[in-house]
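Numbered from 1 within each chain, the chains take letters A, B, ... in sequence-line order.
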Amino acid sequence: MKGRTIIAASVLGALAVAGCGSSGGGGTNAGGAGGGTKACVASIGFEGPITGPVAVLGQEQLHFADLALAADNAANKTKISLDQGDTQLNPAQATTVTQQFTSNSKIVAVVGPAGSQEVEAVGPLFARAGIAFISGSATAAALTTGKYPTFFRVVSKDSVQGPQDANYIINNLHPKSLMIVDDQEAYSTGLVAAMLPIFQKAGIKVDHESVSQKVTDFSSLVAKVTPSTSVVVLPWQVAANAQQFGRNLAQQHKKAVIFGTDGLFSPGTFTIAGSYVSSFGPDITAIPADASIAAAAKAKYGSFGTFGPPVYAATHVIDEAIASVCKAGQTPSASNVLAAIKKTSEPSTILGQPISFDSHGDLVNGKFFLFKIDSSGKYNLIPG
Amino acid sequence: MSFFFQELVNGLTVGALYSLVALGFSMVYGVLKLLNFAHGDLYMVGAFTGYFVLQWFGGAQGLTIPVPLLLVIMFVLAALLTGGMGVAIERFAYRPLRNAPRIAPLITAIGISFFLENAALLLFGGQYRVYNTPDFIPFSAGIQIGSVNIDAVQIMVIVLGTVLMVGLRQLVVRTRLGKQMRAVAADREAAEMLGINVNLTIAATFFLGSALAGVAGVMAGLLFNQVTNYIGFLAGLKAFTAAVVGGIGSIPGAMLGGLLIGVAESFITGYVSSTYTNLLVFGLLIAVMLARPTGLLGRAQVQKV
């Protein structure tokens, strides 16, 4: 009898503690909303290719999301946590992750996904759930035509990148004929569609080819590069494939220069000397104001490219939106965080340019950066 | 004309790889009537083995042993490891299901394929591992005939691939083991009644087929430079197609099917457009299958009633 009493008392005690914990948790949010003296608690999702063929990019994005979160939590006295979702740059996988996030009531906004084709897949799901999602690397122009009302991006779009790259090629590389190869993904075909009319209008003979992203042998394609073909444009996302394409060019003694778009920005992987690569993100190691972030990233995670910093910016936008909601005395939710993100106006950011969004979620006054690879494999920013 | 020969060399090189992987598919189907979908992933394991051997001996830019010795170690270790894995897969995943309905081992094979892919992801991560072959086998080691460039790795793949295929053919036709394999393929029960150790013969078949896939994986690493845990899927799919087109169960058929697909891909990319390569290659294959449902060198099975 005495034993039963002890057990009953223990259970009641445990229930009481659990009840206190529960009300305390709720009270934290409510308290944060009310007086602003208690912690501002929220969860945000992260969607990126943490594993898979482009894991190196996804890992970099995740590292920078973590860095931004730590810095913003410290600066704003918030308690925002990150839920990771691995999309493997695969729209189907991204859909699964998104379904998990949209069914999790704690998640108020999402960073990512990385690829345009993934945004196409998950846009309707986030729109239905009313959850804001900000990509740090999806650049397809079609994403911001208004069909995904909760989508934002902190990078410029392909309709800026395509013409900018095409005009650079025409005005600086002066090709008489060129080859452009898409990799059959939305990102790639979108860029080709933006560039082709500009090349044709300039009177350049264009050989448009298409290979699957899964193909790793380009010897047959490279055999078609004629002596008069001085530029091969690769709007691809797998840098290792571009590296192999460059090796196939060398193997067949072809002199054409590779011009890659932002998906190929991968120092250490794509290192063909003389190639050009554009990027939606700047080299933050060259921006004095970013020195501390760059040093922290390098110390903690090693070398990095341009995929991480925009995700830092995207995470920061969400963090600031959550903080502003809390400061306004509200509990962060998908709807009020979405409303706050729409009002974003960051005058200075890690990207070296202000961040604000137009009515379709596009970055206002976004631009791309161009790099040339030297013989040591280093990416050098081309001014202008 | 030089363009034609360049594309022919490119096609034969890739075709030799397809053929080597297709041989394993065909051999296993021959003895067990099983579509071993895990076969492509052994190709991936072979490619990783070659990569780690390369790193063990100093990496592409700091090799501590002569290149020929490195290549021998790469190929032998990859063959032994994948051959051993093939035997283990047969012993623990397929043998218990040998008398089960045919769908059971088929599903198991798909499961093994996913298991190997994800085990590699867990062990090696998702990053591309790069051989950097030109750093230790330079393009200058190849030959140039007019404007046709054939690098040393392409020559090695074509020559070694041919030697292995001819060697396997001789083994199957002329040796006691080959005779046992053919007997098991023809009628397993009858072979057992004649005193043939069926389990051992099937295990040997798995070893040989898997070892060839491992060797092909090393060749792919040397040729295409990059290795990830996903490379086995596409290679397996192409090899399976090659085996079916050549006549599944037929060793010369697998060789022919692989070379045919490799050369067709290369010529269509070169003379038509890479945009239509898969469309036209698989269209061609459908036409072949419609004309010869048993494949180019396959034989229709006569069932006496």
#### Entry: For chain B, the option from A:Q59, A:H253, A:Q251 that forms the most heavy-atom pairs under 4.5 Å
A:Q251
## Note on the structure
B:N10 and A:A223 have their tightest heavy-atom pair at ND2-CB, 4.1 Å
#### Entry: Atom CZ of B:F139 with >12 non-hydrogen neighbours under 6.0 angstrom
yes
#### Entry: Over 12 foreign heavy atoms within 6.0 Å of OH, A:Y301
yes
### Query
In terms of heavy-atom proximity below 4.5 Å to chain B, should A:N241 be classed as side chain, backbone, both, or neither?
both
### Message
As an exercise: rank A:Q252, A:K214, A:R247 by heavy-atom pairs under 4.5 Å with chain B and give me the winner.
### Response
A:R247
### Query
For residues B:Q226 and A:Q243, is any side-chain donor paired with an opposing acceptor at under 3.5 Å?
no
## Note on the structure
One should read off an interatomic distance between B:D151 CG and A:N248 CG, to the nearest 0.5 angstrom, of 8.5 Å
### Task
For B:T275 and A:E209, work out which heavy atoms get closest and say how close.
OG1-C, 4.0 Å
### Per-residue contact mode, B:F224 against chain A (heavy atom under 4.5 angstrom)
both
### Query
Tell me, side chain or backbone of B:I231 under 4.5 Å from chain A's heavy atoms, or both, or neither?
neither
### Flag, side chain of B:S274 to backbone of A:S210, donor-acceptor distance under 3.5 Å
yes
#### Entry: B:F3 vs A:K224 side-chain heavy atoms within contact, under 4.5 Å
yes
### Contacting region of A:A250 [heavy-atom separation from chain B under 4.5 Å]
both
### Segment of B:V272 engaging chain A (4.5 angstrom heavy-atom cut-off)
backbone
### Message
Looking at chain B, which one of A:V211, A:D217, A:V222, A:L221 has the largest number of heavy-atom pairs inside 4.5 Å, strictly under?
### Response
A:D217
### Heavy-atom proximity to chain A below 4.5 Å, by part of B:T277
neither
### Query
Roughly how far, to the nearest 0.5 Å, is CD of B:Q6 from OG of A:S220?
9.0 Å
### Query
Which bit of B:N132 is near chain A, if near means a heavy-atom gap under 4.5 Å: side chain, backbone, both or neither?
both
#### Entry: Other residues, nucleotides, ligands: >12 heavy atoms within 6.0 Å of B:F282 CZ
yes
### Message
Any heavy-atom pair between the side chains of A:Q244 and B:Y128 that's under 4.5 Å?
### Response
no
